[in-house]
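Reading through the structure tokens given below for one structure.
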2 protein chains.
Amino acid sequence: MKVLIADDDPQILRALSITFTASDYDVVTAGDGAAALRRAAEHHPDIVVLDLGMPHLGGIDVIHGLRGWSSVPILVISGRMDSIDKVQALDAGADDYVTKPFLTDELLARVRALTRRRLPVREEAGAAFGDVRVDLVAKSVVRTTDGADIHLTRTEWRLLETLMLNAGRLVPQEILLTEVWGPQHVSDSGYLRLYIRQLRKKLERDPGSPRHLLTEAGMGYRFVPG
Amino acid sequence: MKVLIADDDPQILRALSITFTASDYDVVTAGDGAAALRRAAEHHPDIVVLDLGMPHLGGIDVIHGLRGWSSVPILVISGRMDSIDKVQALDAGADDYVTKPFLTDELLARVRALTRRRLPVREEAGAAFGDVRVDLVAKSVVRTTDGADIHLTRTEWRLLETLMLNAGRLVPQEILLTEVWGPQHVSDSGYLRLYIRQLRKKLERDPGSPRHLLTEAGMGYRFVPG
DNA sequence: GACCGCCGTGAGGAAAGTGTGAGGATCGGC
DNA sequence: GCCGATCCTCACACTTTCCTCACGGCGGTC
């Protein structure tokens, strides 16, 4: 998790750096508004902690600048307690506002709250290979040649998911059976072969000689992307 | 925009209701923790304003209860200024923490900041497909062939909304049930099928072979726009 | 070259899941 | 209390999915 801290007071900057570093954040600092915008563009932080009272390019300007292209959470720190300042900063696009002096425990908790919300919106897990593009989150397969949707059943998804999450690695049959059919599956692997075939039929260009869902005789199967 | 306000002090409850109503929010109130959870499940608010100091089922419990099934933004109001209380509430899943006494301007600004994050999704929420145009914000469905209004019930809207906000993605039955019928829905999915049918009857050109509200046996349903 | 383990293939029936129709319970407005 | 709209229950037909079984091919081993 990467945090950008922007403050014109070197002492506060230093103190906050130590605080966040101690909590296992990667810290990027900026001493003024212009630097904050530059740093944000370079480093793509997960959260921005911003002092409102910076000279030249002020905090509000930085918020506007950031919001032009980024939706990164912004936590504003300010000495001003006036309601008008808070409203202005929040409506400009800030997500939280803390007044000095503040306790580091609270600041860290607020940062956690802000970053937590972004986590579930993780990027699409998936891959494109052969003639298809697979999205594990949306549970969709699209054939890239003609854009047609390819339908997979529940068991097919579970199997493909297990293989794709171990892309490139050999996955033993025992593991596949456990992941797809649960811990008390039947030892015989008849249906595993069946579903591998189904996946090849649906995903491989030439199911007869698969290029991505490979068999390793006596051991298991391997998914090779690309 | 709908706000759920939970506070055991009727005076504060009343004052906040007036404040939010004056800002064009739909207001739902709850006098204790248990009522707050019930109301949230019924009304699906866009934001929850929660007093931490309620008897019996306290604010922290309500946060935990809500977070079990909902990601609605939660703003906590509390008389306690201790850092420990703030950290506890924020880490339990609250998104913001305001101490009494507070200025209503600031409270409203913070509520705006919290709801803003969801807006971009909702603003462009709506789509035209098949013979209909659906507007999730205005809650209106118009048949494009003859301009006739199509009426949907509350439950039908919730179901359609959940599906459309996840357009293209497979939505598991469990998620649909939780989003539409609340966290303690009956496990059997008899009525889910019923309402899917209702939606198809009203929205699909040929309800017998749906093109936009698709079934994925054993997994869930998927809304496909276009 | 015959045996043997392993994998791919095809078809078909059991099981699970879904669509459908009718009808009863519940709620709110008049 | 009546009525219509809405929500939910139940039983049954149908579709999809899952799994079983038997057979043929391939490669390694003796």
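This one's a predicted model, so the numbers in the text were calculated from it and none came from an experiment. Each chain gets a letter, A, B and so on, in the order the sequences are listed, and its residues count up from 1.
In terms of phosphate contacts, B/W181 brings a side-chain nitrogen or oxygen within less than 4.0 Å of OP1 or OP2 of D/dC8. In terms of phosphate contacts, A/Y195 brings a side-chain nitrogen or oxygen within less than 4.0 Å of OP1 or OP2 of D/dC18. A/Q173 has no side-chain polar atom (N or O) that falls below the 4.0 Å cut-off from OP1 or OP2 of C/dC6.
Crowding of A/D206 atom CG: a count of heavy atoms from other residues, nucleotides or ligands under 6.0 Å exceeding 12. Dense packing is recorded around CG of A/D146, with more than 12 heavy atoms of other residues, nucleotides or ligands lying under 6.0 Å away.
Note on B/R67 versus B/D91: no salt bridge recorded, every NZ/NE/NH1/NH2 to OD/OE distance being 4.0 Å or above. A salt bridge links B/R205 and B/D131; the closest N-O separation between the charged side-chain nitrogens and carboxylate oxygens is under 4.0 Å.
Pairs of residues two or more places apart, or lying in two chains, that qualify as salt bridge (Lys or Arg N to Asp or Glu O under 4.0 Å) and include a residue from residues 50-60 of chain B are B/D51-B/K100.
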List the atom pairs, with distances to 0.1 Å, where a side-chain N or O of residues 217-226 of chain A and a protein N or O form a donor-acceptor pair under 3.5 Å, not counting sequence neighbours.
residue	atom	partner	partner atom	Å
A/R222	NE	A/E216	OE2	3.0
A/R222	NH1	A/G168	O	2.8
A/R222	NH2	A/E216	OE2	3.4

Hey, can you pull the donor-acceptor pairs under 3.5 Å for the side chains in residues 76-85 of chain B, sequence neighbours left out?
residue	atom	partner	partner atom	Å
B/S78	OG	B/R80	N	2.9
B/S78	OG	B/Y97	OH	3.0

Please table the atom pairs, donor to acceptor, closer than 3.5 Å between any side-chain atom in residues 1-13 of chain B and protein atoms at least two apart or in another chain.
residue	atom	partner	partner atom	Å
B/K2	NZ	B/H43	O	3.0
B/D7	OD1	B/D9	N	2.9
B/D9	OD1	B/Q11	N	2.8

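Residue A/L176 contributes atom CG, which lies 12 Å from atom P of C/dC7 at whole-angstrom precision. The CD atom of A/Q198 sits 10 Å away from the P atom of D/dT17 (whole-angstrom rounding). The OH atom of A/Y191 sits 15 Å away from the P atom of C/dA16 (whole-angstrom rounding). As a whole-Å value, the separation of B/M219 CE from C/dG17 P is 12 Å. A straight line from CG of B/L192 to P of C/dT18 spans 9 Å, rounded to a whole angstrom.
Across residues 150-165 of chain A, A/H151, A/T153, A/R154, A/T155 each have a non-hydrogen atom less than 4.0 Å from an atom of DNA chain D (numbered order).
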Listing time: all N or O pairs from protein to nucleotides 8-13 of chain C that are below 3.5 Å?
residue	atom	partner	partner atom	Å
C/dG8	OP1	A/R200	NH1	2.6
C/dG8	OP1	A/R200	NH2	3.4
C/dG8	OP1	A/T215	OG1	2.6
C/dG8	OP2	A/Y221	OH	3.0
C/dG8	N7	A/R193	NE	3.0
C/dG8	N7	A/R193	NH2	3.2
C/dG8	O6	A/R193	NH2	2.4
C/dG10	N7	A/R197	NH2	2.7

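A donor-acceptor contact under 3.5 angstrom links the side chains of A/T215 and A/R200, judged on distance only.
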